[in-house]
Structures are given as structure tokens and as C-alpha cells.
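Take a look at the structure below.
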Amino acid sequence: MGMSTNKCGARWTSWLTKNMLLLMTMAGIVMGVIIGGVLRNLEPSQEIVKYVGFPGELFMNMLKAMVLPLIAASIVSGLSQLDGKTSGRLGSRAVMYYVITTTHAVILGIIVVSIIHPGDPTIKQKMGIEEGATANESAAQKFLDLFRNAFPENIMRATFSQYQTHYVNVTNSNGIQKTELKTGYVDGMNVLGIIVFCIVMGLVISKIGEEAKPLANLFHALDVVITRMVMIIMWLGPIGIPSLIAQKMLEVSDLWQTARVLGLFVFTVILGLGIQAFITLPLIYVIGTRHNPYKFLSGLGQAIMTALGTSSSAASLPVTFRCLNKLGIDPRVTKFVLPVGAMVNMDGTALYEATASIFIAQMNGLDLSAGQIITVSITATLASIGAASIPSAGLVTMLIVLTALGLPANDISLILAVDWFLDRLRTSVNVIGDALGCGFVHHICADHLNADVAEAEKAHAFVEAHGVNFDELEKEIEQENNNHKTIQHV
């Protein structure tokens with residue numbers, strides 16, 4: 001009996017050790033909320049608020065610094081191990097998944113906000129929002145900007161700037177003011193252009209074969225090194241994440257007044273995101289894989305917690321890589337599907353933009369026609385694809401949807417007070433959608449991937465990826481399953 005108790009205690013200790021980072025991150029989120037709530041009563045100055053958020057700022061900077069080398073190394077090393085047919089097969093399945101989930105997210109958001117109807121014209125009076133000019137953003141130009149950024153003229157510039165088109169007011173020599181299109185570069189990494197460039201490079205390396213093997217080995221080594229660096233950074237998460245949450249809570253001027261006025265809108269968004277994350281996406285996963293989606297979701301805890309803390313799909317990308325490798329997803333799938341998904345598969349953002357735009361229309365007393373609802377569906381889908389994987393990028397792209405409906409641009413300020421909170425939730429849904437997409441594609445293409453295993457083993461290409469030795473990982477998983485059965489028996 002004593003020996004059995006000792007074994008049980010040792011197994012629980014082993015489980016706690018392996019999940020220590022996740023538990024510390026969850027505790028950090030709770031501490032962030034508590035610290036933010038306590039400090040609000042002390043009414044700290046703006047300088048103190050900045051000090052509170054300083055550890056979180058450093059944490060975000062370190063994660064963002066990993067994004068560029070991680071995307072380049074993972075895509076190139078992943079695709080260099082695949083033949084052209086396999087790459088095309090993975091890409092087509094991934095695109096099918098993205099189209100299905102994003103389209104459903106927009107439709108779900110429209111249905112939920114139309115049924116609950118959280119918008120009330122009196123909200124604008126309570127929030128003190130005045131009437132303003134309508135939003136002036138071209139959906140067509142934003143869509144064309146996607147293609148302009150996908151094929152950058154300078155790949156080095158793409159690492160720190162992206163192409164953007166917007167309207168500006170100019171006055172001619174006769175004193176007449178008019179609106180003109182202005183194009184140019186703005187600060188911010190052009191993730192889409194880098195992804196396209198790396199996909200082409202990976203495919204070409206795969207096609208060339210032996211002559212390009214040294215270059216493939218270089219990217220594979222970089223992939224392993226960057227992943228190890230990410231794991232070191234993640235141990236700072238229990239300090240950085242609560243710092244970010246506490247800072248955001250302190251920056252909201254009147255938390256309770258905002259909650260009372262916009263409470264129904266927040267509930268509507270949360271309901272829609274919850275249905276998408278825990279019903280729709282798992283259902284699609286079940287149909288495609290015949291596997292339990294909630295068991296899969298339980299392995300994404302660290303990635304979801306990171307998304308909640310950072311509100312950035314890009315910052316969560318390294319952690320999601322690690323979680324999927326532990327879940328046994330083929331690294332060749334993860335390296336290709338996940339970076340692309342983090343850029344274009346924004347389920348949470350698509351749902352949020354559709355919900356928020358109709359909410360603003362309801363506050364302006366506008367009853368949308370069937371044609372306008374279709375317009376919202378199309379523009380919200382395109383806008384979500386163009387949304388950068390950075391905090392609150394959805395607010396910027398929402399101008400496209402408001403333009404399509406002819407609504408005032410400054411009405412976005414109505415939801416700014418709660419966007420910091422909802423942004424974290426929709427980012428978590430984005431991460432869940434990307435991860436389930438990898439599992440979906442992995443299982444659909446499993447037969448074709450397994451056919452390439454013998455050749456991949458000869459090249460030693462997939463024995464270790466992202467710092468994980470899959471032979472050892474398989475033994476660890478088997479041992480954990482045996483331990484779990486023993487604990488249940490005891």
C-alpha cells in the first residue's frame with residue numbers, strides 16, 4: 001500500500017513538473033486581474049501604469065523578435081522536406097479549411113448579433129459620442145494591398161514595412177479640397193510577403209534536391225535553435241502576461257460604467273466566439289478526422305493562455321508550434337499550415353468585425369437589408385484576411401466594413417473601451433482555429449504523408465523538429481498514458 005502511494009505521488013509530481021509552465025501562466029493571469037483590480041482603487045498615475053506594464057512590454061518584444069526567424073525557418077525547412085504533390089495537397093486542404101471556418105464565423109456573428117440585438121441608439125448618448133464623418137476606406141484598394149504585399153519588391157524591406165493605400169484630403173492651387181488615394185510604406189512587418197517568399201524558396205529547395213541540401217540543413221538547424229530560444233522566453237510568461245493584463249485594466253477610465261453600457265455587446269461577442277471555438281471548430285475537426293476534438297484542445301492550454309495574455313496571434317505562434325508537436329502533429333504539416341493560418345485564418349476576428357459593425361449600425365438606428373448583410377459578410381471576410389496578427393488590428397480593418405455600410409468612422413470609439421478584453425478572446429479563437437486546422441490537414445493527408453516516411457527517415461529530416469525528438473516523445477506519451485491509467489486504478 002505504501003509503495004503504491006509513493007508511486008502515485010511520484011507520478012503526480014512528474015505531471016506537475018511537465019505542466020508547471022502552464023499552471024504558472026494560468027496563475028499569472030489570475031494575479032494580473034487581481035493586481036489590476038487592486039491598483040485601480042489606488043488611482044495610480046500614468047507613469048506608475050507604465051511601470052506596471054514594463055515587464056509585459058519586454059516580454060512582448062522578445063516574442064515578436066522570434067516571429068520573423070521562426071516563420072522563415074519553419075516554412076523553408078518544412079517545405080524542403082516535401083515533394084511538389086504533397087505541398088499542393090496540404091495547401092489545398094488548408095485553404096478548404098480556412099474558407100469553411102472563416103465563412104461560418106462571419107455568418108455566425110451576423111446571426112447572433114441580429115437575434116440578441118445589443119445595439120441601442122441611446123448608447124451613443126451615454127458614451128458621449130458625437131456624430132462624425134463616415135468612414136472613408138476603400139475595400140477594393142485594401143484587397144489589392146493584399147496582393148501588393150504578397151509580392152514585395154524588396155524582401156529586406158518586407159521585414160519591417162508593408163505597402164498601404166489610404167485616402168487623404170488635399171487642397172489644389174484654386175483652394176478646392178478633394179480626396180485622393182495615397183500609396184506608400186508604413187511601419188510593420190509584411191508577414192504575408194515573407195510567407196510567400198519562404199514558400200517559394202522551400203518548394204525550390206525541395207525541387208533541386210541534393211545540391212540545395214546544405215541550405216535546407218541551415219534552415220532546419222535555425223528552426224531547432226529558435227524553438228529552444230522560444231521555450232526560454234516562455235518561462236518569463238508568468239511575469240510578462242499578468243503585467244500586460246494589469247496595465248490594460250488600469251488604462252480603462254471607467255471600468256464599471258463601460259461594463260454596464262456595453263455589457264450586452266460583450267456578451268454577444270463572447271457567445272459567438274464560444275460557439276465558434278467549442279462547437280463549430282470541433283465539429284469540423286470531428287467530421288474530418290473522426291477524433292475527439294476536446295482531447296486535442298486540452299493540449300493547447302499554453303498557446304491559449306499566451307493568446308489571452310498577449311492578444312497577438314504572431315506572439316502566440318511559437319508556443320502553438322510547441323503544443324502541436326507535443327500533440328503528435330506531423331512537423332511537416334505544422335511548419336507549412338500554421339504560419340499561413342496565423343496570417344489568413346482569423347475566425348475570431350471575422351466574427352468580431354461582423355458583430356461589431358452590425359452593432360454600430362443598430363446604434364445608428366439602421367435596419368440592414370439582405371443586400372447590406374451580404375455586403376457585411378463579404379467585407380468582414382476580406383478584412384479579417386487582411387488583419388495583421390498584432391493586437392487590435394481588427395479595429396483598423398473594421399473601417400472597411402463601416403465604409404461599406406456608410407457608417408461614421410468615429411463610432412469605433414464606442415467599442416474601444418472593451419476592445420482590449422475582446423481582442424484577447426478573439427485572438428484565442430484565432431489560435432484555436434489555426435491549431436485545429438493543422439490537426440484537420442494532418443489527418444486528411446496522413447496516408448500521403450506516411451508514404452513519404454521511409455524517404456524522410458533516410459534523410460533524418462523529421463526525427464527532430466522544433467527541438468522535439470519524436471522517438472523520445474512517443475515513449476513519453478506512452479508512459480504518461482500508462483501513468484494515467486494507474487492513477488485512475490488507484
* Run the side-chain hydrogen bond (donor to acceptor under 3.5 Å, both in side chains) check on Ser161 and Asp187 step by step: do they pass? -> CA-CA 5 Å; Ser161 65; Asp187 289 339; over 6 Å; no

* Asked: Going through the distances and angles, do Arg424 and Leu244 end up as a side chain to side chain contact (heavy atoms under 4.5 Å, CB included)?
  -> CA-CA 11 Å; Arg424 282 159 165 73; Leu244 291 168; 4.1 Å; yes

* List the steps, then state whether ring pair (Phe, Tyr, Trp, His ring centres under 6.0 Å) holds for Phe440 with Tyr285. => CA-CA 6 Å; Phe440 178 87; Tyr285 180 84; 7.8 Å; no

* Take Asn345 and Val340 through the side chain to side chain contact (heavy atoms under 4.5 Å, CB included) test and state the conclusion after the steps. => CA-CA 8 Å; Asn345 185 40; Val340 178; over 6 Å; no

* Could you check Asn430 against Thr349 for side-chain hydrogen bond (donor to acceptor under 3.5 Å, both in side chains), going step by step and ending with a plain yes or no? => CA-CA 7 Å; Asn430 291 342; Thr349 303; 3.2 Å; yes

* Asked: When you look at Val186 and Gln162, which way does the side chain to side chain contact (heavy atoms under 4.5 Å, CB included) test go after all the steps?
  -> CA-CA 6 Å; Val186 295; Gln162 53 186 298; 4.0 Å; yes

* Pair Met66-Met62, side chain to side chain contact (heavy atoms under 4.5 Å, CB included): steps then yes or no -> CA-CA 7 Å; Met66 295 293 103; Met62 287 186 283; over 6 Å; no

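Distance check: Leu215 CG to Ile208 CD1 gives 8.5 Å after rounding to the nearest 0.5 Å. Atom OG of Ser80 and atom CZ of Arg332 lie 11.0 Å apart (nearest 0.5 Å). Taking CG of Leu308 as the reference point, atom CZ of Phe421 lies at 9.0 Å (rounded to 0.5 Å). Atom-to-atom distance recorded for Ile279:CD1 and Ile284:CD1 is 12.0 Å, nearest 0.5 angstrom. The distance from the OG1 atom of Thr355 to the CG atom of Leu108 is 7.5 Å, given to the nearest 0.5 Å. Once rounded to the nearest 0.5 Å, the distance linking CD1 of Ile116 with CD1 of Ile111 reads 11.5 Å.
Between Lys213 and Ile205, every side-chain heavy-atom pair lies at or beyond the 4.5 Å cut-off. In this structure, the side chains of Thr101 and His104 stay at 4.5 Å or more apart for every pair of heavy atoms. Looking at heavy atoms from C-beta onward, Pro293 lies out of side-chain contact with Leu281 at the 4.5 angstrom threshold. Within the 4.5 Å cutoff, side-chain heavy atoms of Leu436 are placed close to those of Leu297. At least one side-chain heavy atom of Ser377 sits under 4.5 Å from a side-chain heavy atom of Ile110. Counting heavy atoms from C-beta outward, Phe336 and Ile199 have side chains that approach closer than 4.5 Å. A heavy-atom distance below 4.5 Å is found between the side chains of Phe296 and Leu324. For the pair Leu425/Ile270, a side-chain contact is recorded, criterion being any heavy-atom separation below 4.5 Å from C-beta on.
A pairwise comparison of heavy atoms in Val431 and Ala303 identifies CG1-CB, 4.0 Å as the closest pair. The minimum heavy-atom distance between Ile233 and Phe59, with the atom names listed, is O-CE1, 3.6 Å. Contact detail for Gln276 and Leu351: the closest heavy-atom pair is CB-CD1, 4.2 Å. Taking all atoms of both residues into account, the shortest heavy-atom contact from Pro282 to Ala277 is CD-O, 3.2 Å. Closest non-hydrogen pair, Thr102 versus Ala350, comes out as CG2-CB, 4.0 Å. Heavy-atom minimum distance, Cys438 versus Val333: O-CG1, 3.7 Å.
Thr334 and Asn325 form no side-chain donor-acceptor contact under 3.5 Å, judged by distance and modelled atom types alone.
The main-chain N or O of Ser92 is never found under 3.5 Å from a side-chain atom of Tyr97 such that the two would form a donor-acceptor pair. In this structure a side-chain-to-backbone donor-acceptor pair under 3.5 Å is present from Ser243 to Gly56. Remark: the backbone N or O of Leu338 is not paired with any side-chain donor or acceptor of Asp434 at under 3.5 angstrom. Between the side chain of His442 and the backbone N or O of Ile329, no donor-acceptor pair lies under 3.5 Å. When atom types are taken as modelled, the side chain of Thr306 and the backbone of Gln302 share a donor-acceptor pair closer than 3.5 angstrom.
Legend: residues meeting side-chain contact (heavy atoms from CB on, under 4.5 Å) with Thr103, ordered by chain and number and at least two apart, are Val99, Ile107. Looking at residues two or more places apart in sequence or on another chain, you find no ring pair (Phe, Tyr, Trp, His ring centres under 6.0 Å) involving His117. By the ring pair (Phe, Tyr, Trp, His ring centres under 6.0 Å) test, Tyr98 is found to be paired with no residue, residues two or more places apart in sequence or in another chain being considered.
Aromatic pair Phe359/Phe265: ring centres closer than 6.0 Å.
Cation-pi geometry between Arg426 and Tyr352 is met: the NZ or CZ atom falls under 6.0 Å from the ring centre, inside 45° of the normal.
The local environment of CE in Met31 is sparse, with at most 12 non-hydrogen atoms from other residues, nucleotides or ligands closer than 6.0 Å. Residue Met26 qualifies as open at atom CE: its count of foreign heavy atoms under 6.0 Å is 12 or below.
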